[in-house]
J.: 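Sharing a structure below in structure tokens format, with a few things to ask.
Atoms within each ligand, like the ligands themselves, are counted from 1 in listed order. Heavy-atom basis, side chains included; hydrogens, waters and symmetry copies ignored. Nothing here was measured: the structure is a model prediction, and the numbers come from that model.
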Amino acid sequence: MDVRWSFLCNFVLFIICLFHNTATFKQEGVCFFPERWEGTWFQSGVRQPIIIEGPRLSSKGRCIASEGDKFLVVDEKSCYRCVVIHEKHENVLQYKETYCYGKESLLTLCSSITGDALLYSMFRENAAPISCPFRGPFTFTYNRGDGECRSPVSSIDTCTEDSRLLLSYQACPDIHSSESTVEELQCLAVWKEGSSRYLVGKVHHSHATSNEDRFRCFVYEKASVASEALDGIEFRVAQSGDATCNGLFSATEGSRTMTLKRASSLNKCRFPLWLANYNHWHTLDYSVTYSFHHRNSTLRITNSSGLEMKVVCAQTRHSTRDETSVMLLTHYTMGCQSGFTCMVFYRRDNNVMEVQAGAQTKRLEDACSTPYFNRATVPYITLVTATPESRECPYVGKFAVRSLIKGGRRTRSSTHNRQVEMYHFRQNYHVDRHSKTFYGEVDHIIRTKRVDRFSDCDNEGFSNLIVGCSSADIMEFRSECPTSDFITSYSCHGGWEENGTHYLIATPISRSPHGARRYCFIYREYDPYLLLFSSSSDNCDRSLKPGVTGDLIFNATIIGKCVDISNTSVRNQFHWTMNIIPLLNLIIAVVFSYIQR
Ligand SMILES: *[C@@H]1O[C@H](CO)[C@@H](O)[C@H](O)[C@H]1NC(C)=O
Ligand SMILES: *[C@@H]1O[C@H](CO)[C@@H](O)[C@H](O)[C@H]1NC(C)=O
Ligand SMILES: *[C@@H]1O[C@H](CO)[C@@H](O)[C@H](O)[C@H]1NC(C)=O
Ligand SMILES: *[C@@H]1O[C@H](CO)[C@@H](O)[C@H](O)[C@H]1NC(C)=O
Ligand SMILES: *[C@@H]1O[C@H](CO)[C@@H](O)[C@H](O)[C@H]1NC(C)=O
């Protein structure tokens, strides 16, 4: 070999040695446990929580050398031990360890661990739950050692979260150890070992008060499709008797064994397409969201505190031919509580719907009948899609607003002084009841009183309501105060009528301090010239009397049709008309008297 080659070889070896030495050096000093193991762990029989942090493994001491899953740890009393840790899941560590020895090398110490050494399990405290490997509903039989409790059959229901199951154990008269209890299982870890599948979970029930009572290990197996077809059994599950996985080897031996059969699903119908076509619906104040999942068969209702109710369609009770209203018997799950409730959905417009939900009951037969559901008394919840289309507003025209009352109180600006600004009209307007448009012309205008028009103005002294003039889908409140050009505009999204009362859903659009929310305007024709309004900010409340009760109350008198207001403000036109007509009258009167003479 060439000398240069030999030199290069030595150099490479030197580098390798250097690296190796550095590695060895690290092993002798301090070593760290994997970062993802850091945290607080529970181990059965150990009173204090076990903490893994950096090189520290709680009471066992600190790590001074490691290789793969083997760790050499030493405590303050110079007790050296080898700990072999297997990560089964991010929430479960299992380990074997040696006794205390004097200073030894990692490998020597670790080789003294025999195959039959005790295996300890550590479960992460405050672990993030995982989806359970089986989802209800199931029926099951169980055995606690003295016979199978088959009748009555027990049941497993899925909770709102996939990570929880509700196990309802029944007591069998012939089985001594059987007991009627309800346990909630929260799944925390699953892993596979050989042919066995393991599950670790926390079991919550009235007698479980400590981690020692709550942590349980399970072995489960899923039956093959063929065997399931034969006896209907889908899963076999064995549960540990304590907070360890010791002694659990198969799904048929354990402190408690269970045999799970799939129960017939309660999800038997679909929500109508017009409803499920939009994934999300919101209440007017955006505090609650209704969303559709799983191919339109599941409805999730979430409020701002994150509380969630899952609803599936169990039975269609009644549907109008055009599907504008459907009555559904639904099964709900809230947390791990479940039951039935009757719901009626009303399609009000493309992007507007209402729902009535009855009281909750455990019995399917009860849900849609009184006292659980009564169409006449159950409140309506108004829902709108996230980005509703705008629609033409009804009652297009210009109105004088009288006595605007906010939040049940009169606003200062809209009191008496404001009213005297209004003029009385003799009108031959009439309402076309189909198109909700005003027809006709102003005949004559009589000014009744003249007062200081602008006294008592403030920013919200609305006096005009302009509907559908600047744009067919816009409704605007305008102030006549010269110092303020405050306009509150609403975009209309559609509405409906019930026995002469109209409901209109609108979103504030201009300079609104209200953020994302919508309003329901409720109004009634008092006479062909007067509309009584109320608005409500949570629901289209049926108990509100337009013009009398509501969040915003006012009466609106028709004062004219839309004229082209895109060039000049309505106010200017209004006053122009005000001033010119008496003048015209005067001229005409003068001309007439001249002719007559
Ligand atoms: C669910 O609704 C969507 C519309 O959002 C529709 O395209 C789909 O066909 C529906 N799925 C089923 C299974 O009805
Ligand atoms: C959410 O719903 C629950 C149950 O209906 C209720 O107790 C809670 O107050 C609601 N939270 C909010 C913020 O509305
Ligand atoms: C409308 O009024 C009639 C008669 O007063 C009543 O029978 C009906 O239930 C009312 N409809 C609604 C939707 O309020
Ligand atoms: C609106 O008019 C109705 C009928 O005249 C009346 O009962 C009601 O008090 C009025 N409301 C307001 C806010 O002026
Ligand atoms: C505004 O008025 C002018 C003439 O006064 C006219 O040319 C223009 O088209 C008008 N604008 C609109 C939007 O109607």
J.: Do any nitrogen or oxygen atoms of Leu532 come within less than 3.5 Å of a nitrogen or oxygen of ligand 4?
T.: no

J.: For ligand 4, which atoms have a heavy atom of Gly547 less than 4.0 angstrom away?
T.: 8 (C), 9 (O), 10 (C), 11 (N), 12 (C), 13 (C)

J.: Using heavy-atom distances, let me know which of Val401, Thr557, Asn555 sits nearest atom 2 (O) of ligand 4.
T.: Asn555

J.: Please tell me whether Ser390 and His493 have a donor and an acceptor in their side chains that are separated by less than 3.5 angstrom.
T.: no

J.: Kindly state whether the ring of Phe292 and the ring of Tyr278 have centres lying under 6.0 angstrom apart.
T.: no

J.: Judged by atom type as modelled, is there a donor-acceptor pair below 3.5 Å linking the side chain of Ser154 to the main-chain atoms of Gln170?
T.: yes

J.: Between Thr370 and Asn374, do the side chains contain a donor N or O and an acceptor N or O under 3.5 Å apart?
T.: no

